Visitor: 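So that we are looking at the same thing, I have put the structure below in structure tokens.
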Amino acid sequence: MHVDADSFFASVETRHKPSLARTPVLVGGAGPRGVVATANYEARAFGCRSAMPMSQARVLCPTAMVLTPRFGAYAAHSALIMDTLRQLSPLVQPVSLDEAFVDLAAGPFAADPVVAADLARRLVYNRCGLVVSVGLGRSKLIAKLASDEDKPHGFTVVPGDDEDEFLMPKPVGALWGVGPATQATLRTLGIRTVADLRAAARDELVRALGEAAGWNLYRLARGDDPRPVVVEREAKSVGAEQTFAQDLLRWELPGALDAVLARALRRLARHGGGARTVTVKVRLSDFTTLTRSVTLAHPTAEADQLREAATAALTAAKAVEPVRLLGVSLSGLTHWAQLRLPEDATGSGVEDPDSLKVTTEPLSVGTAPGEPLPAVEGTGSRDGEVLDEAALRSFADDEPEDSDEERLPAPLTLHTVAVGLDVAHPEHGAGWVVKSEDGHVTVRFEGPGTGPGPERTFDVRREPLMRVAPPEPCPPPRLTSLAGLGEVEDLTAKLLLPGTAPPTP
DNA sequence: TCTGGGGTCCTAGGACCC
DNA sequence: TCTGGGGTCCTAGGACCC
């Protein structure tokens, strides 16, 4: 089963902001260089799409409400959706915040996949008011295409016998892994549909697309997709990047690199352990993109070492100003990290790992490679150079971004205010920022449990407004029925969780 | 209208090793 | 004496996904 929440970010927004129901909503970067992350269906009617420059979307749909993303709220809803799916089978593979594969054969519904799929959409709706599309098939390929088939609120079952009929007419671009470039290449071969693809010779595909992609498409065109549902995968890299509202000049680069690196380091700290390779990405104003990487002799979690490597990589890129984007990616991740060694042992250019081993103390007692390390701090380094949340925060302080980690509640300032954020007023209660204009913030006081609420405008220099955490996911005002699912009703009763109202007939 | 940010995977070339 | 074949690791770029 493949489950996909419909226009996920936008749906969470309208769930929390009842006054926006049935009106166009765009979620994404509201700044000059933002793009649309999600447009709801009302906005799509005007031609707005994901990945479109926000400036363009605003022209297409001037009446749309443009909201800054609230990742905390999306993560909470995502967790609830995934939890719900795990009640149908232990084998759940989240693909992103809003999407997951479920191996129903591994759960109690092995014999009733259709019931499970129906249950999935109803349970998710009743627990948080979000609508999902589900697809059922014998493979990930088919299930994913099936969930795409008639969204929103789709429910498509493709029995094994119908796979060819379902697959053949689809454009090749519908297949996972076939983007614009591959489509263009295939078009030169006269291949537009999966049927065309199936008629192509394997060697021809491999010649045109390379070993991996050619083989892959050859098999997918035949409905041959043995990929299993995998519950957990190790992260291979963590990183951060930022497109600046205005291009940076050369003298601004070191400071900007530090700030981006700080965010990457925070993610590394969350992952636990160290990294061996630092890759710096530079996008120039003409959009040409360069990457330069530095690989260390040993994985490390030390900010100084990683910063040194990042600086070296940036220098190697020989970037010419103006610079539009800077990024830092840390790869070669381990769950353990090399501590700083005495000066004489760490002289640059030490390449032979064995020569270092003698002086290397065990990193953290009782933690083997592969075992997650709770935190890097406190591993015994004396110079305090090991990653430390507080220290890192201190040099990333000037960043208004990263609201996802900010501690809430916090006073709303003109620096942190953005349309869509959750706020609270001591008298009027909880609401969200509708507008912010020269010191005056307009708030609409409503939430997932209220109807459309009233608007009020405040002078934030006088009136105390607090930024608060988003509302918790909660059942919608009207639940959908779980009746009519036959013998499984007993089971569904068991699956209903505390806090979820009983089904209405 | 002027192009986000988090990732994964693949390819090709070069260095290096046996 | 005039050039094999296996492999790994690293780097840069690019395609792709949501």
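It should be emphasised that the depicted structure is a prediction, and the values quoted were computed from it without experimental measurement.
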Visitor: Return the 5'-most residue of the pair A:Asp286, A:Val238 with respect to DNA chain B, ranking by each residue's nearest nucleotide.
Guide: A:Asp286
Visitor: I want to check a possible cation-pi pair here: A:Arg127 against A:Tyr125, using under 6.0 Å from ring centre and within 45° of the ring axis as the test.
Guide: no
Visitor: Pick base, sugar-phosphate or nothing for A:Ala57, based on heavy-atom distances below 4.0 Å to the nucleic acid.
Guide: nothing
Visitor: Identify which nucleotide among C:dG13, B:dT11, B:dC9 has an atom closest to any side-chain atom of A:Arg233, counting heavy atoms from C-beta outward.
Guide: B:dC9
Visitor: Please report, rounded to the nearest Å, how far the C1' atom of C:dC17 is from the NZ atom of A:Lys236.
Guide: 15 Å
Visitor: Mind checking if A:Gly29 touches a base, just sugar-phosphate, or nothing, with heavy atoms under 4.0 Å?
Guide: nothing
Visitor: So A:Gly179, base contact, sugar-phosphate only, or nothing? Heavy-atom distance under 4.0 Å.
Guide: sugar-phosphate
Visitor: Choosing from C:dC18, B:dG4, C:dA15, which nucleotide comes nearest the side chain of A:Ser96?
Guide: C:dC18
Visitor: For B:dT3 and A:Arg283 - does any side-chain N or O of the residue sit under 4.0 Å from the phosphate oxygens OP1/OP2?
Guide: no
Visitor: Does a side chain donor of either A:Arg283 or A:Thr289 reach within less than 3.5 Å of an acceptor in the other side chain?
Guide: yes
Visitor: Please determine, for the side chain of A:Glu211, which listed nucleotide (B:dG4, B:dG5, B:dT11) has the closest atom?
Guide: B:dT11
Visitor: On the nucleotide B:dT1, are OP1 or OP2 found under 4.0 Å from the side-chain N or O atoms that A:Arg58 carries?
Guide: no
Visitor: Determine the minimum heavy-atom distance between A:Leu284 and A:Val282, stating which atoms define it.
Guide: CD2-CG1, 3.9 Å
Visitor: If I take atom CD in residue A:Gln242 and atom P in nucleotide B:dG6, what distance separates them, rounded to the nearest angstrom?
Guide: 9 Å
Visitor: Counting only heavy atoms not in A:Arg250, do more than 12 fall under 6.0 Å of its CZ?
Guide: no
Visitor: Closest approach to the side chain of A:Phe287, judged atom by atom: which nucleotide of C:dA12, B:dT8, B:dG4 is it?
Guide: B:dG4
Visitor: Partner lookup for B:dC18, please. Criteria are Watson-Crick or G-U wobble with both distances under 3.5 angstrom; report none if nothing qualifies.
Guide: C:dG5
Visitor: Consider the side chain of A:Ser237, meaning its heavy atoms from C-beta on, and name the nucleotide among C:dA12, C:dC18, B:dG7 that approaches it most closely.
Guide: B:dG7
Visitor: Want to settle it: does A:Arg33 or A:Ala213 sit nearer the 5' end of DNA chain B, counting the closest nucleotide to each?
Guide: A:Arg33
Visitor: Could you state the CZ-C1' distance from A:Arg207 to B:dC10, rounded to the nearest angstrom?
Guide: 19 Å
Visitor: Does CD belonging to A:Gln246 count more than 12 external heavy atoms closer than 6.0 Å?
Guide: no
Visitor: For A:Leu175, report the nucleic acid contact type (base, sugar-phosphate, nothing); a contact means any heavy atom under 4.0 Å.
Guide: sugar-phosphate
Visitor: How far does the C1' atom of C:dG4 sit from the matching atom of B:dC16, given to the nearest Å?
Guide: 16 Å
Visitor: Remember a base hit wins even if backbone is also touched, and classify A:Pro32 as base, sugar-phosphate or nothing at under 4.0 Å, heavy atoms.
Guide: sugar-phosphate
Visitor: Mind calculating the distance between CD (A:Glu241) and P (B:dT8) to the nearest angstrom?
Guide: 13 Å
Visitor: In whole angstroms, how far is the P atom of B:dC10 from the CH2 atom of A:Trp215?
Guide: 15 Å
Visitor: Closest to the A:Thr291 side chain: C:dG13, B:dG4, C:dT11?
Guide: C:dG13
Visitor: What nucleotide among C:dT11, B:dT1, B:dG5 has an atom nearest to a side-chain atom of A:Pro53?
Guide: B:dT1
Visitor: Would you classify A:Leu325 as touching base, sugar-phosphate or nothing, given that sugar-phosphate means primed atoms plus P, OP1 and OP2, and contacts are heavy atoms under 4.0 Å?
Guide: sugar-phosphate
Visitor: Between B:dG7 atom P and A:Leu268 atom CG, what is the distance in whole Å?
Guide: 11 Å
Visitor: Classify A:Ala235 by what it touches in the nucleic acid, base, sugar-phosphate, or nothing, heavy-atom distance under 4.0 Å.
Guide: sugar-phosphate
Visitor: Once you measure the plane-to-plane angle for A:Phe71 and A:Phe9, does it fall in the parallel (<30°), tilted (30-60°) or perpendicular (>60°) bin?
Guide: perpendicular
Visitor: Examine distances only and state if a side-chain atom of A:Asn40 and a backbone atom of A:Thr23 form a donor-acceptor pair shorter than 3.5 Å.
Guide: yes
Visitor: Quick one: is B:dC2 close enough that its OP1 or OP2 comes under 4.0 Å of any side-chain N or O from A:Arg324?
Guide: no
Visitor: Which nucleotide, B:dT1, B:dG6, B:dG4, lies nearest any side-chain atom of A:Thr243?
Guide: B:dG4
Visitor: Which sits closer to the 5' end of DNA chain C, A:Thr182 or A:Val294, going by the nucleotide each is nearest to?
Guide: A:Val294
Visitor: Once you round it to whole Å, what is the distance between P of B:dC10 and CG of A:Leu217?
Guide: 13 Å
Visitor: Can you see if the side chain of A:Ser293 gets near the phosphate of C:dA12 - specifically, an N or O under 4.0 Å from OP1 or OP2?
Guide: yes
Visitor: A:Gln93 has an atom CD; how far is it from atom P of B:dT8, in whole Å?
Guide: 13 Å
Visitor: Identify which nucleotide among B:dT1, C:dC18, B:dG5 has an atom closest to any side-chain atom of A:Ser55, counting heavy atoms from C-beta outward.
Guide: B:dT1
Visitor: The test is side chain to side chain donor-acceptor pair (under 3.5 Å); show your working for A:Thr295 and A:Thr277 and say whether it passes.
Guide: CA-CA 4 Å; A:Thr295 297; A:Thr277 301; 3.0 Å; yes
Visitor: For C:dT11, does either OP1 or OP2 sit under 4.0 Å from a side-chain N or O belonging to A:Thr295?
Guide: yes
Visitor: When you measure from the side chain of A:Arg276, which nucleotide among C:dC10, C:dG13, C:dC16 comes out closest?
Guide: C:dC10
Visitor: For A:Gly327, which contact category applies under a 4.0 Å heavy-atom criterion: base, sugar-phosphate, or nothing?
Guide: nothing
Visitor: Under 4.0 Å, counting only non-hydrogen atoms across every strand here, what does A:Lys281 touch: a base, just sugar-phosphate, or nothing?
Guide: nothing
